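Notes to accompany the following structure.
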Amino acid sequence: AANKLKVVLHNMPAGDWDIVAFDTRSGARRWTYQAAGGDGPGLFLGAADDDTVYAGSVTGRVYAIAATSGRLRWMTRLEDKPVVSVFAPELAGSRIVVGYSVYDNPNTGGLAALDAASGRVAWKTAFPAPAERWRHTNRAGGPVVAGDLVFGSAGDGNIYAFDLATGAMRWTLPRLTGPFASYITATDLDHRALVRAGRLLVAGSATGKLVAYDIETRALTWEHDAGSWGSTSFTLAADDRYVYVPFLGGFIMALDVTTGEER
């Protein structure tokens with residue numbers, strides 16, 4: 001977060017979902033931000049710079065908190081539906097982008113972009129409605145920003161690329177098809193965590209299968225079926241050498257970013 005502050009999330013098992021800041025040199029607690037109404041912004045703590053910490057919430061609101069003081073800069077309600085989650089924001093220049101889910105029957109969701117300074121909503125685009133009305137299209141992964149695109153995955157297993165400036169949908173990567181090594185083989189209800197690894201967009205799956213797509217050409221670059229380890233978790237990470245994949249069963253795996261081979 002700020003130069004001398006470390007902002008952390010208190011996990012839900014600890015019974016605290018506020019945002020807490022500590023001095024990185026002394027470890028002293030500097031401030032705690034508690035949202036009104038029990039929003040729990042710490043659960044969806046997102047991007048930060050030296051001035052501002054951004055977070056989502058479990059009530060459809062997006063928060064910007066001053067990094068040095070812990071005071072609220074702005075709060076924007078993205079959705080007015082009764083049960084909505086806005087997930088961890090990502091910085092994209094002068095904007096932040098978020099994924100959101102509306103819990104209904106069926107669940108729906110999409111991506112949105114807000115002005116980082118004011119909280120004004122620049123655009124909000126829902127994932128396309130499926131032909132089968134019962135399929136869920138809640139946010140299941142992302143957002144991931146790559147150049148002029150922002151990616152998000154829907155609960156029906158499809159991955160969408162939106163124009164970062166306008167929110168218009170640019171193209172789609174379809175849900176996975178088998179065979180799979182996992183005992184989970186249905187992909188019409190999936191969580192596909194996303195991460196950018198250089199020129200690649202890497203996606204996980206509840207089936208345990210990981211795939212990497214070239215962002216420019218949309219071509220499938222590699223795939224790795226780790227289904228014997230179970231479902232991939234809700235967050236992936238990557239650097240210039242490896243893609244790091246946690247699994248819901250408690251394992252973690254490193255894959256070669258170029259080939260997808262287990263390292």
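What you are looking at is a predicted structure, and each value in this text was computed from that prediction instead of being measured. Positions are given from 1, in the same order as the sequence printed here.
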Rounded distance [0.5 Å steps], [atom1] in [X] versus [atom2] in [Y]:
{"X": "Thr108", "Y": "His136", "atom1": "OG1", "atom2": "NE2", "result": "10.5 Å"}
{"X": "Tyr63", "Y": "Trp74", "atom1": "OH", "atom2": "CH2", "result": "11.0 Å"}
{"X": "Lys81", "Y": "Thr59", "atom1": "NZ", "atom2": "OG1", "result": "15.0 Å"}
{"X": "Leu201", "Y": "Glu216", "atom1": "CG", "atom2": "CD", "result": "13.0 Å"}
{"X": "Arg29", "Y": "Thr32", "atom1": "CZ", "atom2": "OG1", "result": "4.0 Å"}
{"X": "Asp214", "Y": "Leu220", "atom1": "CG", "atom2": "CG", "result": "10.5 Å"}

Side-chain touch [X]/[Y], heavy atoms, less than 4.5 angstrom:
{"X": "Glu90", "Y": "Val150", "answer": "no"}
{"X": "Val102", "Y": "Asn138", "answer": "no"}
{"X": "Val58", "Y": "Trp17", "answer": "yes"}
{"X": "Ile96", "Y": "Val62", "answer": "yes"}
{"X": "Arg192", "Y": "Leu176", "answer": "yes"}
{"X": "Val98", "Y": "Phe44", "answer": "no"}
{"X": "Leu194", "Y": "Val202", "answer": "no"}
{"X": "Tyr54", "Y": "Leu91", "answer": "yes"}

Suppose we screen for ring-ring contact (aromatic ring centres under 6.0 Å, His included). Which residues come up paired with [X], at least two apart in sequence or across chains?
{"X": "His224", "result": "none"}
{"X": "Tyr100", "result": "none"}
{"X": "Trp171", "result": "Phe151"}

Under 3.5 Å, is there a donor-acceptor pair linking the side chains of [X] and [Y]?
{"X": "Arg61", "Y": "Thr76", "value": "no"}
{"X": "Thr187", "Y": "Asp190", "value": "no"}
{"X": "Asn158", "Y": "Thr172", "value": "no"}

Which atom of [X] lies closest to which atom of [Y], heavy atoms considered:
{"X": "Trp31", "Y": "Ile65", "value": "CH2-CG2, 4.0 Å"}
{"X": "Ile159", "Y": "Ala203", "value": "CD1-CB, 3.7 Å"}
{"X": "Ala88", "Y": "Pro143", "value": "O-CD, 4.2 Å"}
{"X": "Gly167", "Y": "Phe162", "value": "O-CD2, 3.4 Å"}
{"X": "Leu114", "Y": "Gly119", "value": "CD2-O, 3.3 Å"}
{"X": "Pro128", "Y": "Thr137", "value": "O-CG2, 3.7 Å"}

From CA spacing to verdict: side chain to side chain contact (heavy atoms under 4.5 Å, CB included), Trp222, Leu200: CA-CA 10 Å; Trp222 55 256; Leu200 300 179; 3.7 Å; yes
Same apolar cluster (I L V M F W Y, side chains within < 4.5 Å links), [X]/[Y]:
{"X": "Val211", "Y": "Leu189", "answer": "no"}
{"X": "Leu149", "Y": "Val97", "answer": "no"}
{"X": "Val53", "Y": "Met75", "answer": "yes"}
{"X": "Leu210", "Y": "Phe180", "answer": "no"}
{"X": "Val144", "Y": "Val195", "answer": "no"}

Between side-chain atoms of residues 231-239 and protein atoms elsewhere (two or more places apart, or another chain), which donor-acceptor pairs fall under 3.5 Å?
| unit_1 | atom_1 | unit_2 | atom_2 | d |
| --- | --- | --- | --- | --- |
| Ser231 | OG | Ala206 | O | 2.6 |
| Thr232 | OG1 | Ser205 | N | 2.9 |
| Thr232 | OG1 | Ser205 | O | 3.0 |
| Asp239 | OD1 | Arg241 | N | 2.9 |
| Asp239 | OD1 | Tyr242 | N | 2.7 |
| Asp239 | OD2 | Tyr244 | OH | 2.9 |

Pairs touching residues 123-139 that satisfy salt bridge (charged side-chain N to carboxylate O under 4.0 Å, His left out), sequence neighbours left out: Glu79-Lys124, Glu132-Arg135, Arg135-Asp188
Side-chain donor-acceptor contacts of residues 246-261 below 3.5 Å, not counting sequence neighbours, with atom names and distances?
| unit_1 | atom_1 | unit_2 | atom_2 | d |
| --- | --- | --- | --- | --- |
| Asp256 | OD1 | Thr258 | N | 2.8 |
| Asp256 | OD1 | Thr259 | N | 3.0 |
| Asp256 | OD1 | Thr259 | OG1 | 3.4 |
| Thr259 | OG1 | Glu261 | N | 3.2 |

Test log, rule salt bridge (charged side-chain N to carboxylate O under 4.0 Å, His left out), inputs Lys209 and Glu223: CA-CA 7 Å; Lys209 192 170 188 176; Glu223 57 184 38; 3.6 Å; yes
Check: Ser85 side chain, Phe87 main-chain N or O, donor-acceptor pair, under 3.5 Å: no
Backbone of Ala67 reached by a side-chain donor or acceptor of Arg73 within 3.5 Å: no
Arg170 vs Asp148, salt bridge (charged side-chain N to carboxylate O under 4.0 Å, His left out): CA-CA, chis, key distance, verdict: CA-CA 10 Å; Arg170 296 269 287 273; Asp148 63 346; 3.4 Å; yes
Full working for side chain to side chain contact (heavy atoms under 4.5 Å, CB included) between Arg30 and Thr68: CA-CA 8 Å; Arg30 294 286 293 273; Thr68 55; 5.8 Å; no
Check against side chain to side chain contact (heavy atoms under 4.5 Å, CB included), Tyr213 and Leu173: CA-CA 9 Å; Tyr213 304 96; Leu173 296 167; 3.6 Å; yes
